[in-house]
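Notes to accompany the following structure.
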Amino acid sequence: MSLNITCPICGKRNGYEFRYGGEDRGPRPEEATLTPEAWCRYVHMNRSVAGVQREWWVHRDGCGLWFSIDRDTRINVQVMAPSTDGQEGDR
Amino acid sequence: MNRLHHLKTSKVHPGERRTLRYRGREVAGLEGDTVATALYAGGVRVFSRSLKYHRPRGLYSLDGESGNTLMAVDGVPNVSAEITPLRAGMRVEPQNVKGTPEFDVMGFMDGLSWAMPAGFYYRMFHKPAAIWPRVIPQLRRTAGLGTLKPDFEMPGRFEEVYLKTDVCVIGGGPAGMLAALAAADRGLRVILLESRPWLGGFFEYREHPYADGSSLHDRSADLERQLESRPNLRIMKHAPVVAVYPTLQVTAFQRGADSASFDERYLEIQAQSIVVATGCIERPLLFENNERPGVMQPSCAHRLARTWGILAGERAVFSVGNDLGIEAALDLANLGMGIACVTDVREDGQAPQLLDELSSRSIPFMRGWVPVKAHGCRRVKAVTLSPVNGTRQKKVECDLLAASAGLTPSTGALSLAGARFSYDSLTGFFLPSTLPDGVHAAGRLLGLQDARAIEISGTEAGLRAAGDCGMDVAETLRTLADEQSTLPGPVRNPKLVMGPVKGSKTFLCFDEDTTIKNVSQAMEMGFDVPELIKRFTAAGTGPSQGAVPGHNLALFVGQSHESPDTEPRPTTVRPPLHPIHLATYAGAGHGMSKCTPVHALQVAAGGRMEKVGVWSRARRFSDEKSAHDEILNVRQNVGILDGSTLGKFRIHGPDAFKALQRVYVGDMSRIREGRIKYSAMCNEDGCLMDDGVVVKRGENDYFFTSSTARAGSTIEWIRYHTRYDGWDYHLVNLTDAFGVINVSGPNARKVLQKVTDFDLCNESFPFAAYREIEVGGSIPARAMRLGFVGELSYELHVPSSYMESAWMLVEEAGCEYGMKPFGLEAQNVLRMEKGHVIIGSESEQRTTLHDLGMGFLWHRNKPDARTVGAAALIHTEHQEDRLKLVGFKMQPPADRPPKDGSIIVDGVIRGYVCTARLSPALGEVVGMALVDEPLSGIGTEWSIYEDECQGKLLGAVVAPMPFYDPEGLRMKM
Amino acid sequence: MFGKRKRLWNTPSLQSSYDAVIVGGGLHGLATAYFLASRHGMTNVAIVEKRYIGFGGSGRNTAIVRANQRTQENLPLYKEALELWPVLTRELDFNLMFYNCGNLNLAHSEAALKAMRIQVASAQYHGIDIHLVDAEECKKLVPLLDISDRPRYPIAGGMFHPPGGIVRHDAVVWGLAKGASRLGVHIHQGTEVTGIEVRGGRIASVETDRGRIHTPRVLNAAGGYSADLSSRFLDLPLPISPLTIQAMVTQPLKPLLDHVISSGAYHVYANQTLKGEIATGAHMDPWPNYTTGTSARYIKHQAEAVTELMPCLKGLKFMRTWAGLADMTPDMAPIMDGNDPVEGYYMDCGWGYFGFKSCTVAGKYMAELMATGECPPILKPFSLRRFEQHRLMGETAALMEYSANN
C-alpha cells in the first residue's frame, strides 16, 4: 500500500521516493561485548510492531537524507514529525 | 429499425452512418452509438451465452454493470460492447459459443444445472484419481470467455498522464458538477472525472421538469457550460476511475475522442482532497429467469430511447422500486412504447402526479407486486407477477421486462478511499458512517432523491474539499446549511427485493451463473459470510466484478439470519473499479539504459553490447564465444577496456577518515600518499558487499571506487552506517563525472608513454601507486596501477567530457603495437586465472570474507571504529563446516571445463562451480568453486555433477590459486 | 447425487483446555492440525483464527507449487510437498484441483543461467524432473513469449519443471478444514489471541477474547502476524518483516498459457487458472506494514513487465487486484522450530510468499515435532538459531534484508 512521507528537507512526498532502512535500534553496540545472540538481536531481529514504530528512511530519489519517523504500521501512515538524530545530508 | 431522431436528449447523429461487421454481415449504426446500441438497433437480441450454463443473455445495462455484452472487437477479447464507442469498420464477434449466440450447441448445459450445485467441482472429478487429469483440458476449454492468440498485437495508441491537483471530483453528475464549481470558484485547481462520454448523470437524459419550465436535461447542459467556462477546472470525460488510494491518489483511464492523439491513456492524479459523487446503479430484482434477453434495467430501457433513439420493445412490463422507474415507463409510453402494466414493490410513497399520469393513460398500476418468473428463452415472452407475499399470480405477455428494486449506491470509489459503511434501514442503502480526512461524499449515493437536494450536497462537498486545501469556507457552509434544511433528505427505498421464489433459476450473479439456490447451498455447507460465499460460489468474481450481485449478496445473507454477521456489510471492494487494458497500464513502454562516453567507439570497434544492470557494456569484440584472442592479446601484448561504469566517489571533511574506517574492513590509517589501498566493505553478516581502492588526495580528502553495481547505493550505505555519529563529512558521487580507460598487458607502458610526458618507468610509477598525470598534453588523468587481470595494468580516470579524446589518443598510440579492445568475457577469464572474486559470482549470502579467502583484508585492531561486519567476522573466523572458495583443475580423462553452476557431490551436495574455463594462457582447465570446508584442502578429489549428465560425473581436484603467475611478477613489471 | 448437504467443518464452543493450540487458521495451521489428528492421534487440538479460515495469505496467493529450490535443505522438502497433493486429495476426499502444468522460470543473462544451473543440477541430483532450456525451447513451451531483443532484459533461456503447477488454494483450505474437523479438531473462527502465558520456561496457557485456554503446546502459524505475535506476547522478536505483496487476475480467456511462467529479473510470475483468468504478481512494497492495500505503482509495473515478456497480453484487462502479507526472512527460508527458548512453543513462520507450496509437508513435520518433541532431521536447518550462528540458508544468492543491511 502506498504511503506519503514527510522528509525534513523536502517536505511531504510520495513514499516510493524513499527507501526503508529498518527499525530504530539505536547506535552500533561495542564489538567487544557483542555475543552472537546480542549481535543477532541488533542486526536481524525485528519487533514488527502492529502499531506505531520508530524506523529509519532515506530520501533516495531526492535529497539523500537519512531520518527517522514514527509510523503506524497498521494503517501505513506516518504519525509524527521526522527527526534526523544527528546527520545532515548533502544538499 | 426506425429510430427516434427528434429528441433533444439524443446523442446520435442521424446523418452520420457507421457500419460494423457482426458475424460476417454488415450492421449499420450511427455516430454516437456504442457497439451494443448499434447491434440492438440492427436487431441483435442475444449478445452472449453465460459462462456455466450457456444461457442466452441480452442487453441489460449500459454502463458495464453486467458482462452480457462482452464480445470480441477487432480481435481484442472481452470488450464490453455497451461502453465501447462505435468506430466505422469494427469487426465484432460473439464469444464462448459453439454455433451462434442464438443457437449455441452448448445450451444443453442449462438442463444440467441440477448436477452443478455450488462448488460441485470440489466434490467430483477427483476419484478415481485418473479422471482429474483428463477433466482438466475439458474444463479449460469450457471456461474462459474470449480468445487471444499468442501473436496478437494490440492495436491502438496508449499514453500516460501524471497530474497534481487541489481537488479531484469523481463523478460528473449534478452533484459532482456543483462540487467542482464550488471548489473552482475558490481559485483552486480542480479535476473532474466522468466515466461516460458526457456529463450529467441522472439529469442529462431526462425531460422531467427541474424548475422554471426548464428540464433536468436543460439544467445539466447549463451546468456543463458553467464548468467549461472555468479555466482552472479540467473536465475529463470518458474517464472511468480505476482506483482511489488512502494517500488521495486517484487512477483512471480515459478513452480518446476521435480527434485525440491516443486511444486510451492512463491517468494518475495526486489530489489534496477528493469528492466522490458516483451516484447509484440499479439494484436488480430477484426472480426466476431474471436474466433473460429482454429483461433489462428500467434506466437502460429509458436511455436506449432518450440517448440513442431506440425503443427497446413494443409491449413492456415495468417492475420498479422507485419513482424514476415510473417516470421512465411514462416517458417511454409518450415516445410510443406500449406499456402493459407497471408494478411497484412499494405499497406507497409514489409521487401523486406520476400515479395520475399512469391512470390518465390507462396503464395498470399494481402496488406491492413483483415479478416471480420471466417466460421465454431467447426472448422474454411473458412475465408472471405476484404480490410480494405471493398469494396470487398473474401472467402478462410482454417482449420487454424493465425490472429493478430501485437504486443502490455506487460505493466502490468511497470504499477504496477508506470510508466505512453501515446499513441504513430508511434508505436501504449502505451509507458512509466514517470518511477519512480529505474525502467527501455527495449526491444520490447518500440516499437523496430531490434534484435540488442532490445539487446542494455537491456544493457542500466541494466547499469542504476547498476547506481542506486551506480556503475559509465556514461562513458559506453555514448559509448552505440553512438552504439544505428546507430540502427533502434521504428517501425510503425498498430493501432486498426477492419475490416468493425457490431460487434455482434466480440469478444473483449473471457473470458466474450463481443462483440464490447456490448461495443457500453454500450457506448450508458452512460458508455463511458474504466473503466466503463469494469464494465458494464465485458470485461477484466475474468480468463485471460484482456490480450485479452488488449489495444484494450482503442483503440476502443478512436477511437469512443464519450468518454470524449481525449487520449486513458490503463485500470488500478492490481495484480496479473498471476493468482496464494491460496495454493502457503499460503505456508506451520506454526502455532506458546508460551508455558510457565511449559507447559509440566501442560499437564501432565491433563491440557485442549487452545489458549489465542499467548499463550497456561490451561483452566481446567478435563472435568467438570464448574471447580466446582477446584474452591472449592481453597476456602477450596489450589490450584496452572501457571501465567507465565503475563507481567513483570523493569523501572529504574533518571526519571523512572516521567514515571510511566504519565501512571498510581495512585500516584506513595505513593509506600512504601516492599509493592505492585495496579494501572491502562487508554487511553486518560479514559478507562481501563491495570492494574497491581508496586514494588519499589531500588532508581529509579521499577518492575511492566501488563496483559498478554498487555505484548507486554506496553513499546511502555510508550515511546509513554513520547516522548516529553526527560526523562532519561530505560525499560526492563522481561515477558519471569520470570515464575509465584500462590498458593492460606487457606492452601497456610502451603504449601509454607515447601519450604522456609523465615518466612511467617502474621506479617512478610502481605497482599499486597512484599518480595524477596528463594525457595528450592537457587532459588530466588520475592513474593507478592495479592487478585485477594480473598483467602490467594502468587504470586512467579521465573527466567524462575528455573521455572520447583521451580514448582515441590511446587507441592511436596502441596501433603500433596491435593493441586491441577486450570486453567483459575476456576480463572474466583473466581475473579468474588469478583467483580474483567477482561479487555475486564467487560470493553469496552464505560466504563471509573469511570463506572467500579475503579475510586478510580485515584489520581487527580497530574496535573503536565499530566497523560494519567486524563482529560477524570475529564470530565466524574459526567456525567449522562453512563453504570455502577454492581453485580446482580437472582430472583426466575430463579435459573440458564443467559448466558454471554444476554441483560438487559425494552422496550429498557439497558445493558448486562458480566459474571454470579453458585457460588460453595455461592451456588447461582452471576454475573456482565454493565447497564445504572438509573438501577444501589442496589435492582433495571431487566429483562434479552437471545437469543432464545422467549420473556420469566429472573428476576434479583442488588446486592452489592464483593459477597464473602465482608470484604476481607480471603485474609488477 | 450429492446427498444432504452438511457443514464442511463444525463450529464447536471453546473448551478451557486442549492438548495443542494453533494460532492461525491458514494452510499451515490447518495442515499441522490435520496431521496431528490423522498421523499422531492428537485430536484434542484447537485452531484459533482471528477472522475466518483462509483469510490471510492462504486465500490470497496464486497457488503455484514447485520443487526447484536452490539448496539441498529445501529440495527434499518441496519434493515431498509436491507428492503429497494427490495423497491429500484422496484422504480428504476433496478435489484440491492440483494441475501440474509445469513451471518455466526465465533467465535473462548468462549469469542468471549459471545461477539456474546450480538449481537444476541440485534438483536433478535429488531426482527431481527439471531441465535447462534455451530461448527457442522457452518459446515452444510458451508461444506468447517475446524472445527477440525488444524486451529490456532479453530472454537467454530458462528452467522447465514439469511436475510443478497450480492448486486451488481455497480448496486446500476447505479440504483441510473438513478433514481436521471430521477427526475432532476444533476450529474457532472470529477468535483473537490476546496473550500467551509462560511459566517456568514452559507454555502454560493462551488468552483469547473468548476466554483462556490451558495448553502445553502453542504453534505460531500466524503468517503475516507471526512476528508481532511472537514479539508482543513472548518478547521473542523474529527476523521477519511483513511486507505487502500484490497480485491480480485478468478477465477469463480460453486456454492460452499452458505453464506457470516466472522471471526473476522482471519480478513477475503468471499462470492461467482453471477458470481461464491469467493470474499474475508479484511486487512487494519494500516496507513492513500490516495493510493489504494495493498500490497504483506496482499494478502499473506489473502490466509493463508482463506485457514486455508476453506482448499479446496487452489485449487483456485486469479484473481484480488484491494484496496479502508476506512474512519475509533475510535468507528466503522459513523458521520451523520448537521448544527453544520456550518449552512447548513452536514456530512455523517466515514463509514469505512461498508458504503455499510447502503447507502440506510443513504440516506433516511440524506435527511430528509437536507430537513427539523430537525435531525431525529435515527441519533442523530451519531453526531460529541459524541467524545468530551465521548459518543462513542460501536460497537466494544475495541477502534479502528489508532494512539497510544490503
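FYI, side chains are in, hydrogens and waters are out, and symmetry mates aren't considered; it's all heavy atoms of this structure. So you know, we letter chains A, B, ... as the sequences are listed, proteins then strands, and number each from 1.
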Within the 4.5 Å heavy-atom criterion, are Ser841(B) and Lys114(C) side-chain neighbours or not?
yes
I want to check something: taking the side chain as every heavy atom from C-beta on, are Leu274(C) and Arg140(B) in contact at a cut-off of under 4.5 Å?
yes
What is the ring orientation for Phe94(C) with Tyr122(B), classed by angle as parallel under 30°, tilted 30 to 60°, or perpendicular over 60°?
parallel
Whether Phe527(B) and Trp9(C) hold their rings parallel, tilted or perpendicular, with breakpoints at 30° and 60°
perpendicular
Residue pair [X] / [Y]: nearest heavy atoms and the distance that separates them:
| X | Y | result |
| --- | --- | --- |
| Lys254(C) | Thr147(B) | CG-OG1, 3.6 Å |
| Thr294(C) | Tyr245(B) | O-CE2, 3.0 Å |
| Leu582(B) | Ala303(C) | O-CB, 3.9 Å |
| His126(B) | Thr89(C) | CB-CG2, 3.7 Å |
| Gln845(B) | Asp331(C) | OE1-CB, 2.9 Å |

Counting only heavy atoms closer than 4.5 Å, note whether [X] contacts chain C via side chain, backbone, both or neither.
| X | value |
| --- | --- |
| Val908(B) | both |
| Thr247(B) | neither |
| Glu160(B) | side chain |
| Tyr121(B) | both |
| Cys687(B) | neither |
| Gln521(B) | both |
| Glu512(B) | side chain |
| Ala243(B) | neither |
| Arg619(B) | side chain |
| Ser902(B) | both |
| Tyr912(B) | side chain |
| Lys611(B) | side chain |
| Thr142(B) | backbone |

Determine, stepwise, if the pair Gln251(C) / Leu145(B) fulfils side-chain contact (heavy atoms from CB on, under 4.5 Å).
CA-CA 8 Å; Gln251(C) 293 178 331; Leu145(B) 291 171; over 6 Å; no
Considering only heavy atoms and a distance below 4.5 Å, find which of [options] pairs most often with chain C.
| options | answer |
| --- | --- |
| Val913(B), Leu148(B), Val76(B) | Leu148(B) |
| Arg574(B), His581(B), Met154(B), Arg882(B) | His581(B) |
| Gly67(B), Gly542(B), Pro133(B), Ala129(B) | Gly542(B) |
| Glu153(B), His875(B), Glu946(B), Lys899(B) | Lys899(B) |
| Gly907(B), Ser593(B), Gly951(B) | Gly907(B) |
| Gln95(B), Gln249(B), Gln879(B), His578(B) | Gln879(B) |

Contact part of [X] toward chain B, heavy-atom cut-off under 4.5 Å: side chain, backbone, both or neither?
| X | result |
| --- | --- |
| Asp149(C) | neither |
| Glu277(C) | side chain |
| Gln119(C) | neither |
| Thr273(C) | neither |
| Glu110(C) | side chain |
| Leu96(C) | neither |
| His108(C) | neither |
| Ala296(C) | both |
| Thr291(C) | neither |
| Val249(C) | neither |
| Tyr99(C) | both |
| Arg150(C) | neither |
| Met393(C) | backbone |
| Leu113(C) | neither |

Chain B contacts, top residue of Cys312(C), Ala115(C), Gly276(C), Pro86(C) (heavy-atom pairs, under 4.5 Å)
Cys312(C)
Highest number of heavy-atom pairs under 4.5 Å with chain B among Ile299(C), Thr71(C), Asn10(C), Val306(C) belongs to Ile299(C)
Backbone N/O of Glu948(B) and side chain of Gln124(C): donor-acceptor pair under 3.5 Å
yes
Is there a donor-acceptor pair under 3.5 Å between the side chain of Asn78(B) and the backbone N or O of Pro252(C)?
yes
[atom2] on [Y] to [atom1] on [X], rounded to 0.5 Å:
| X | Y | atom1 | atom2 | answer |
| --- | --- | --- | --- | --- |
| Leu139(B) | Lys275(C) | CG | NZ | 12.0 Å |
| Lys149(B) | Leu144(C) | NZ | CG | 12.5 Å |
| Leu256(C) | Phe152(B) | CG | CZ | 11.0 Å |
| Arg117(C) | Asp900(B) | CZ | CG | 7.5 Å |
| Phe55(C) | Arg535(B) | CZ | CZ | 8.5 Å |
| His390(C) | Thr848(B) | NE2 | OG1 | 9.0 Å |

Can a side-chain donor-acceptor contact be found between Thr251(B) and Lys300(C) if the only test is distance below 3.5 angstrom?
no
Does Asp528(B) come within less than 4.0 Å of Arg7(C), counting only side-chain N to carboxylate O?
yes
Charged N-O contact under 4.0 Å between Arg391(C) and Asp881(B)
no
Between Trp132(B) and Met97(C), is the side-chain contact (heavy atoms from CB on, under 4.5 Å) condition met? List the steps.
CA-CA 8 Å; Trp132(B) 179 236; Met97(C) 309 183 88; 3.7 Å; yes
